2 protein chains.
Amino acid sequence: MDNLQIAQIRSFSRAVTRRVGALDESYLRRGRPLGEARLLFEIGPEGAGLGALRSRLGLDSGYLSRMLRSLEAQGLVSVEKLDGDARSRRAMLTEKGRAEHAAYDALSDELANSILEPLSAVARDRLVAAMADVERLLAAASITVGEEAADTEEARQCLAQYFDELAERFEEGFDPGKGNTATGDDFIPPQGSFVIARLDGNPVGCGALRLIDSETAEIKRMWVAPSARGLGVASRMLRKLEAIAASFGAKTVCLDTNRSLKEAQSLYRREGYAEIARFNDNPYADHWFSKRL
Amino acid sequence: MDNLQIAQIRSFSRAVTRRVGALDESYLRRGRPLGEARLLFEIGPEGAGLGALRSRLGLDSGYLSRMLRSLEAQGLVSVEKLDGDARSRRAMLTEKGRAEHAAYDALSDELANSILEPLSAVARDRLVAAMADVERLLAAASITVGEEAADTEEARQCLAQYFDELAERFEEGFDPGKGNTATGDDFIPPQGSFVIARLDGNPVGCGALRLIDSETAEIKRMWVAPSARGLGVASRMLRKLEAIAASFGAKTVCLDTNRSLKEAQSLYRREGYAEIARFNDNPYADHWFSKRL
DNA sequence: CAAAATACCTGACTAAAGTCAGGCGATGGA
DNA sequence: TCCATCGCCTGACTTTAGTCAGGTATTTTG
């Protein structure tokens, strides 16, 4: 890896924690411990389930409970049973709590403003654009691609979104039942596999693999959520699937695609796939590709 | 101020502390309190004076002392009298301390690497460039411009660098004694003023003002350190000096500049100065400007 | 040369952050 | 219907972080 790049990341991290992080910590407590301030902020005007709070802030359940008690004592928060499940509870801001939350919100705005204020209009635009870039690319870097079961609720949701998109983009429309020879069972090891790409735990893409014969694997169901496109998710999933195929003993990977999916075609070419003759009778396929592993 | 810009800054700050800051804090402690880890890292292979450590880490003197005692007990640090002044001391890493420091260093690299690793080469370049931009512009935003005494050591250093640069850039060379009618005394209120731009406490620019008559102020000695150019420091100093001039009752501000200082000329025009006829006998001046306040 | 200032140290604190074991009342699958 | 599990709570901690009031040499200054 490039040492200059690493040095830049380290220097960035120092600079940002010093200039942004430090302010956050000192200004945004309003005379209250940082933990409580963060909790109050995280509950937000809509309230939040205790479990969600615990995972978002990384708190021990006892610790959270005690802080909630303290915020309740200050009259800022009320904790109520709400959901169907009477074990789980939900923290809500009281009137006073909402006012406090608004104060934090205003302080955050002020803080952001204090960064923009000394800059010229050109510099502001540039800073904001660079921040958006960093944020987007850091998110991309935190996306994970992993093998998962194909029959979970989340996998089904990915596939549903995938099919919806095909129906919208194919000139001829799309009916999942028609020409869709592969069933979910095909994507279970050792005759196949399924990968999901996740950003902060939420699925943002999927891809599937099945063995056609002992030496040939087919890639199917490649999909990336619109919000995560342009971040290299597809090629990461593709490489993951290829590695899995290789581990199954496959020597060749093949796939088909529709003429309207131009990005997909250029992705496959970029990743070393060559166009070949029709190898299946998928009515929606217009192009067929393969790659030797 | 633009709400979208503020929202972007807030979102950036959240994203970065979550993705970079959080890792920093949890990974970089190696089973030791964060304070000690930071201290060890800050001492570095070359060692550091205690005063410097205290100010860089923002520590209470007692707190620092206690942490040093703890690091000494762990055999990582030795504290020695070194300088001429026997009151001040210097913390040095022992052999074991250097090994520990190297481990932190490697961890930091690894952390940075883990951000780069999932990205494509194009995305990496883009991330690194955006980070450099953000860092640079955040630094620019933290530059302060304030009125200060013109006879301090730091003011003198700014002026010395300014004169050195003039000597280098003027085709005809530069002799500070020649045609330099203004003395330091002219830059003391209420007949004049002196501003210094600072980045993290270190001077990165200066500018001076003196009243020629009760309604006219002259701006002189405008200088920005090469490292801080292109960040809008000069125009901030200029505006500050104009505001001071106005507070002194001046209705007009004027200044002169040499033909080789092209950026200065375009700055003055951009800030609303119009070129006028020669108003002084400065042998180094080729252009004269003025602006009504 | 005495007095003030400097640079660091020590002891005695407080508050915040974080951990652990156990407990209680739902809940849901065998 | 039983019982393991879940979601939360309580009490009893430990560790970190941070502050404050002196105290001791050493240096600087009037």
Side-chain angles (χ1 to χ4, degrees), chain A residues 17-18 21-22 24-43 47-74 76-92 153, chain B residues 17 21-43 47-74 76-92 153:
Chain A
T17 46
R18 225 164 37 112
D24 261 39
E25 301 235 331
S26 61
Y27 281 65
L28 295 183
R29 44 203 308 171
R30 287 177 56 80
R32 137 173 42 246
L34 190 59
E36 284 184 14
R38 270 202 293 244
L39 178 54
L40 186 64
F41 196 86
E42 199 67 36
I43 291 172
L50 299 202
L53 289 173
R54 222 179 309 118
S55 76
R56 268 188 281 171
L57 293 168
L59 296 172
D60 172 90
S61 107
Y63 194 12
L64 172 66
S65 185
R66 209 158 303 108
M67 282 203 285
L68 283 173
R69 245 24 82 229
S70 161
L71 289 175
E72 271 185 322
Q74 294 169 57
L76 300 167
V77 163
S78 66
V79 180
E80 303 159 10
K81 289 192 171 63
L82 264 192
D83 300 48
D85 190 331
R87 288 170 303 182
S88 70
R89 306 177 68 193
R90 190 176 178 79
M92 310 284 285
E153 182 50 34
Chain B
T17 45
L23 288 178
D24 260 40
E25 301 235 331
S26 61
Y27 280 65
L28 295 183
R29 44 202 311 172
R30 288 177 54 81
R32 131 173 49 245
L34 191 57
E36 284 184 14
R38 271 202 293 244
L39 178 54
L40 186 65
F41 196 86
E42 200 66 36
I43 291 172
L50 299 203
L53 289 173
R54 224 179 309 118
S55 76
R56 267 188 281 170
L57 294 168
L59 296 172
D60 171 88
S61 108
Y63 194 14
L64 172 66
S65 186
R66 209 159 302 107
M67 282 202 286
L68 282 173
R69 246 23 83 227
S70 160
L71 290 175
E72 271 185 320
Q74 294 169 57
L76 300 167
V77 163
S78 66
V79 179
E80 303 159 10
K81 288 190 170 65
L82 265 191
D83 300 48
D85 190 332
R87 287 170 304 182
S88 70
R89 306 176 68 193
R90 189 176 178 77
M92 310 284 285
E153 182 51 33

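Protein chains get the first letters and strands the later ones, always in sequence-line order, with residue 1 at the start of each. What you see is a predicted model; the values in this text were computed from it and never measured.
Phosphate proximity of dT16(D) to Arg32(B): absent, as no side-chain N or O sits under 4.0 Å from OP1 or OP2. Side-chain N/O atoms of Arg69(A) include one lying less than 4.0 angstrom from OP1 or OP2 on dT10(D).
Of all heavy-atom pairs between Ala91(B) and Leu68(B), the closest is CB-CD2, 4.1 Å. Between Gly35(B) and Met67(B), the closest heavy-atom pair is C-SD, 3.6 Å. Across all non-hydrogen atoms, the minimal contact from Val79(A) to Arg69(A) is CG2-NH1, 4.2 Å. Residues Ala48(A) and Glu42(A) share a closest heavy-atom pair of CB-O, 4.5 Å.
Residues Ala86(A) and Glu36(A) each lie close to DNA chain C; by heavy-atom proximity, the contact nearer the 5' end of the strand is made by Glu36(A). Remark on DNA chain C: of its neighbouring residues Gly49(B) and Lys81(A), the 5'-side contact belongs to Gly49(B), judged by nearest-heavy-atom nucleotide.
In this structure, Leu64(A) and Leu39(A) have side chains that are in contact, with non-hydrogen atoms separated by less than 4.5 Å. Contact annotation: the side chain of Leu76(B) approaches that of Arg32(B) to within less than 4.5 Å [non-hydrogen atoms, C-beta and beyond]. Inter-residue side-chain proximity for Ser70(A) and Gln74(A) is flagged as met; some heavy-atom pair is nearer than 4.5 Å.
Here dT10(D) presents its C1' atom at 13 Å from CZ of Arg89(A), a figure rounded to the nearest Å. Between Arg66(B) atom CZ and dT15(D) atom P the separation is 16 Å, expressed in whole Å. Separating the CD atom of Glu80(A) from the P atom of dC8(D) is a distance of 14 Å, rounded to the nearest angstrom. Note: CE (Met67(B)) to C1' (dC9(C)) measures 14 Å, nearest angstrom. Leu68(B) places its CG atom 10 Å from the C1' atom of dC8(C), with the value rounded to the nearest Å.
Of the residues in residues 52-65 of chain B, Arg54(B), Ser61(B), Gly62(B), Ser65(B) come within less than 4.0 Å of DNA chain C through at least one heavy atom, sorted by number.
Looking at the side chain of Leu50(A), the nearest of the listed nucleotides dC9(D), dT10(D), dA17(C) is dC9(D). Distances were taken from every side-chain heavy atom of Asp85(B) (C-beta onward) to each of dT26(D), dT10(D), dT27(C); the shortest belongs to dT26(D).
If you check distances only, the side chain of Arg87(B) does reach the base of dT6(C) with a donor-acceptor pair under 3.5 Å.
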